[in-house]
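Below: one structure, written as structure tokens.
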Amino acid sequence: MPRKEGAKVFCQVIVDIVHENVAKPFTYRIPDGMELAAGQRVAVPFGHMEKEGIVTALVQETDVSPEKLRDVIRPLEEYAAVPPELMALAEDMARKCHCPPAETLRLMIPAQMRGGRVHIKTEKTVFLCAGRKETEAAAADTRSRKRNAILNLLLDSQPRTIREISEYVKDPRETLKKLAADGLVEITDSEIMRIPGESVPQASDPGYTLTEGQREALDEILPAMEKGEGMFLLHGVTGSGKTEVFMAAVRNALALGKSAIILVPEIALTPQMVSWFRGRFGPVAAVIHSRLSAGERYDEWRRIRRGEARVVIGARSAVFSPVKNLGMIVIDEEHESTYLNDRHPRYDTREVAANRCEREKAVLVLASATPSILSFAKARRGDYMLLEMPNRVNERPLPDVEIADMRSELEGGNRSVLSGILKKALKECCTRGEQAILLMNRRGYNSFVSCRSCGYVVKCPNCDISMTYHIGSRDGLLRCHYCGCTMVPPSECPDCGGHYIRYFGAGTQKVEEEVRKLLPGIPTIRMDYDTTSGKDGHGKILEEFRSGRARILIGTQMIAKGLDFPQVTLVGVIAADLALNLPDYRSRERAFQLFTQVAGRAGRGSIPGRVIIQTYKPDDPIIGFAARQDYRAFFESEFRRRRNGLYPPFTNLARMLIESPDEENADRKARETEKYIRRLFEIHPEWQKKVLSIVNEPPSVQMLRGKHRRQVLMKTLVSRETDEFFSALSDLTETPPDGADIYLEVNPTTMI
Ligand code: ADP
Ligand code: ZN
């Protein structure tokens, strides 16, 4: 067949191999009769192998010599898996994250689609061939009860899968075969969508009258959506009704024929939000979470890609959902660190969302009761429009916060993890039949085990970390929270042979035990990493508490997020200092967020709430800001501290992290890396000007999972030159390994 004038006969393909030397697209010939579009996945020859790739562009000409050109083997789907806006986003991200585009393109499709590990599901499906009259006549005419039942079932609604028919008619296969032979029905393989199981109860629309705060926020968001531009930071105190604002905005998006993406920090911890959306938007809402099977995820993705699902709720990766006609992206609890991807490619979901919204003419809504320093600073600078909801719905007051000074408790002879005032409050709360939440930011029973005589601390054999004591169903075990390895606690000191082994530092298990001793007969429930590992572990615990079967919920920071339990009137923060004392420049920000968020769980119903924060540092300003729930004062103080101390967002904190099973090798690599960087500066003095400091000093954890760790720490200004510098450093991480791994981390979520 002769080609049409101007037909695109070649295409450029990013081959799905992540390796520096294949970062660029390759040109392939499109065989006669094959139609392709940009964004479509194809199989192509690559060396002696067949590889998958994504078409980035169609071209009429190429300077690749004809004998080198090879043909596209076949398209992998009939449609472009990655729509044009997401192709552009992937390109942008590759540039910003200093990684090959193959790596960012992978984010745009369900992982299992690569390598054909997931397929469309089909099932034998029965259609009526004859018209209604004829079928009715045939049904009336037959003496077979099965035949009659099947025909009536299909008359009622068709097509039906054989599996569905079997629910009404026992063993229908033989009868169906006969019906097909008689030309009354046709049986074909049809595509079936795997809809994820409904594990959350659905909630219907309560039809609230919006509060003034909600109204005002929507008065800004809705016109912006119509216009197709606007970025907002919604700062609403806990219980101000932010979810209702999202829902009204989503309804508006749908009415405009647009789609919306709602991002939540972790879907397992936001079952209420999910059920609200499911209940109100029905099948037009898709929920993406990590517990979906590969098939369910693929089908939800296809429902979105086809435009059948237009509201997507999910965690971080849902920002890449291929929705049609994007109208809005909401990032709820925008301060959460789960929005930073800590694996390659490292991206900040808030930046990716802003990029998408700008490109696709959508509005961005970041929301939190405790916005990140970064986002609030941007709002003050005018990058985002600040929307404030300073009051709770129905004029409910924010809870009263009291501080329990643990120093005077100790002086008074109280060695328990619970202060006198918290004990009293817990008792009163239970007597009134209300519920309480206790935050203990560490799991296990005791956080370390040590020898009284020589001070020896039991550490993990693979990690430079003390072992935590856990009570098990039978015996207690020491457990490493980093690699998971366990050991039986020693009865004598492995170092000095002494017999005075003592257990220190309380965790959630210990708190639970003390509460049970204090309030025998009051059912408690514990929510931490250990109790939520099973299937739907979070959901079961939350349901136990919601139903009132459990009266006191004890847990780690996972209980601080977005939960709305009206019966909770008391919140206790058991050990505030744990959060404050972490060796990280962000620990103050995180501590304030944690205390304010968990305090916000109290008094959400009609009864006012009370919060007790236990601390050995009652004068710490962060404790004060949290007690007064004064975000502004917190922000000003923390912003000033960051500026004076040259911390992010004023600078970047970066490191080259080196890991090797061999300690000397790790040491040598660290020295070489530092030298390499200094050589880079000789060639690029303009980079050096942006680097404030560079030191080769061991990280706080020098061994992790059996690997020795070293780091070269850098503090840099924020500039274009810094980006180039980081880009050059990231090349270093791709050199062939010689027993050591090197990672570049720029403002990582943790710096242990
Ligand atoms: P936030 O996320 O801001 O902490 P939520 O969105 O969880 O707050 O809302 C708090 C509670 O108030 C929820 O139970 C919600 O159903 C209820 N609520 C929200 N808006 C209204 C309203 N306009 N009138 C009455 N109740 C509301
Ligand atoms: Zn370990």
Side-chain angles (χ1 to χ4, degrees), residues 203-218 233-250 262 264-265 269-277 279-280 330-336 365-371 387-399 444 448 457-468 470 477-487 542 546 560-568 571 593 596-607 609 629 631 659 701-709 752:
S204 56
D205 194 336
Y208 293 133
T209 322
L210 293 179
T211 65
E212 200 184 316
Q214 290 170 330
R215 189 68 266 156
E216 282 174 10
L218 286 165
L233 176 61
L234 176 59
H235 174 214
V237 298
T238 55
S240 57
K242 293 183 284 295
T243 318
E244 210 51 46
V245 174
F246 310 154
M247 250 161 327
V250 167
I262 318 296
V264 292
L269 295 174
T270 28
Q272 293 171 300
M273 175 94 114
V274 172
S275 74
W276 284 334
F277 273 90
R280 296 208 208 165
V330 171
I331 304 189
D332 191 24
E333 312 286 0
E334 68 85 28
H335 62 278
E336 288 285 344
V365 179
L366 306 177
S368 176
T370 52
L387 305 172
E388 301 211 76
M389 301 204 297
N391 301 312
R392 286 187 156 182
V393 296
N394 294 338
E395 282 139 41
R396 278 170 204 148
L398 280 168
F448 66 102
V457 173
V458 183
K459 287 198 170 180
C460 169
N462 310 317
C463 309
D464 178 20
I465 302 247
S466 57
M467 305 278 280
T468 302
H470 286 248
L477 275 183
L478 295 178
R479 190 181 297 274
C480 170
H481 284 183
Y482 286 81
C483 73
C485 91
T486 56
M487 65 162 92
L542 293 177
R546 162 172 311 285
K561 292 178 190 161
L563 304 177
D564 185 33
F565 297 119
Q567 289 305 312
V568 173
V571 164
Q593 287 162 346
T596 312
Q597 293 285 349
V598 75
R601 302 310 115 209
R604 295 169 76 90
S606 46
I607 316 161
Q629 302 180 62
Y631 177 83
E659 291 190 347
V701 175
Q702 294 189 30
M703 188 154 103
L704 202 61
R705 297 180 191 94
K707 289 196 174 152
H708 294 272
R709 310 165 83 234
I752 58 159

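The model shown is predicted, which means the values in this text are computed figures rather than measured ones. Note that ligands are numbered from 1 as they come in the structure, with each ligand's atoms numbered from 1 the same way.
With ligand atoms numbered from 1 in the order given, ligand 1 contributes 3 (O) to contacts under 4.0 Å with heavy atoms of Val237. Taking every heavy atom of Thr211 and a limit of under 4.0 angstrom, the matching atoms of ligand 1 come to 23 (N). Numbered from 1 in the order shown, with element, the atoms of ligand 1 that lie under 4.0 Å from a heavy atom of Thr238 read 4 (O). Less than 4.0 angstrom separates some heavy atom of Arg604 from each of these atoms of ligand 1: 1 (P), 4 (O), 5 (P), 7 (O), 8 (O), 10 (C).
Not one N/O/S atom of Cys485, from backbone or side chain, sits under 2.8 Å from the Zn ion (ligand 2). Not one N, O or S atom of His481 sits under 2.8 Å from the Zn ion (ligand 2).
Here the heavy atom of the protein found nearest to atom 25 (C) of ligand 1 is Tyr208 CD2, 3.3 Å. With hydrogens left out, the protein atom closest to atom 12 (O) of ligand 1 is Val393 CG2, 3.4 Å, a heavy atom.
With hydrogens and angles ignored, the 3.5 Å screen pairs a side-chain donor or acceptor of His235 with a backbone N or O of Ala369. Proximity of a side-chain donor or acceptor of Tyr631 to a complementary backbone N or O of Pro371 within less than 3.5 Å is detected. Checked by atom type and distance alone, the side chain of Lys242 pairs as donor or acceptor with a backbone atom of Gly236 at under 3.5 Å. Side chain of Arg392 to backbone of Thr238: a donor-acceptor contact under 3.5 angstrom is found. In this structure, Arg601 contributes its side chain and Leu563 its backbone to a donor-acceptor pair below 3.5 Å. Within the 3.5 Å criterion, the main-chain N or O of Gly241 finds a donor-acceptor partner in the side chain of Gln214.
In this structure the side chain of Gln593 never reaches within 4.5 angstrom of the side chain of Glu336, judged on heavy atoms. Counting only heavy atoms from C-beta outward, the side chains of Met467 and Cys480 approach each other to under 4.5 Å. With a 4.5 Å cut-off on side-chain heavy atoms, Val701 and Tyr482 do not count as touching. Contact check for Thr211 versus Asn391: no side-chain heavy atoms found under the 4.5 Å cut-off.
Residue Ala602 comes nearest to Val571 through the heavy atom pair CB-CG2, 3.7 Å, listed as atom of the first residue, atom of the second, then distance. Met487 and Val458 make their closest contact through SD-CG1, 4.1 Å (heavy atoms, listed as atom of the first residue, atom of the second, distance).
At a 4.0 Å cut-off, not a single heavy atom of Val245 sits close enough to ligand 1 to count as contact. Residue contacts with ligand 1 leave out Arg392, since none of its heavy atoms falls under 4.0 Å from the ligand.
Below 3.5 Å of separation, one finds an N or O of Lys242 facing an N or O of ligand 1. Residue Ser240 places at least one N or O, backbone or side chain, under 3.5 Å from an N or O of ligand 1. Polar contact check, Thr209 against ligand 1: a nitrogen or oxygen pair lies under 3.5 Å apart. Geometrically, ligand 1 and Arg601 share no nitrogen or oxygen pair separated by less than 3.5 Å. Residue Glu244 has no N or O atom closer than 3.5 Å to an N or O atom of ligand 1.
Counting heavy atoms under 4.0 Å from ligand 1, residue Thr243 touches it through both backbone and side chain. Using a 4.0 Å cut-off between heavy atoms, Asp564 contacts ligand 1 through its side chain alone, with no backbone atom that close. Residue-level proximity to ligand 1 for Gln214 is carried by the side chain, the only part with a heavy atom below 4.0 angstrom.
Summarising the contacts of atom 9 (O) of ligand 1 with Pro566, Gly207, Gly241, Gly236, the nearest heavy atom is found in Gly241. In this structure, of Gly239, Gly600, Ala369, the residue bringing a heavy atom nearest to atom 4 (O) of ligand 1 is Gly239.
Angle SG (Cys460) to the Zn ion (ligand 2) to SG (Cys480): 110°, rounded to 10°.
With hydrogens and angles left out, the side-chain atoms of Arg396 and Ser606 include no donor and acceptor closer than 3.5 Å.
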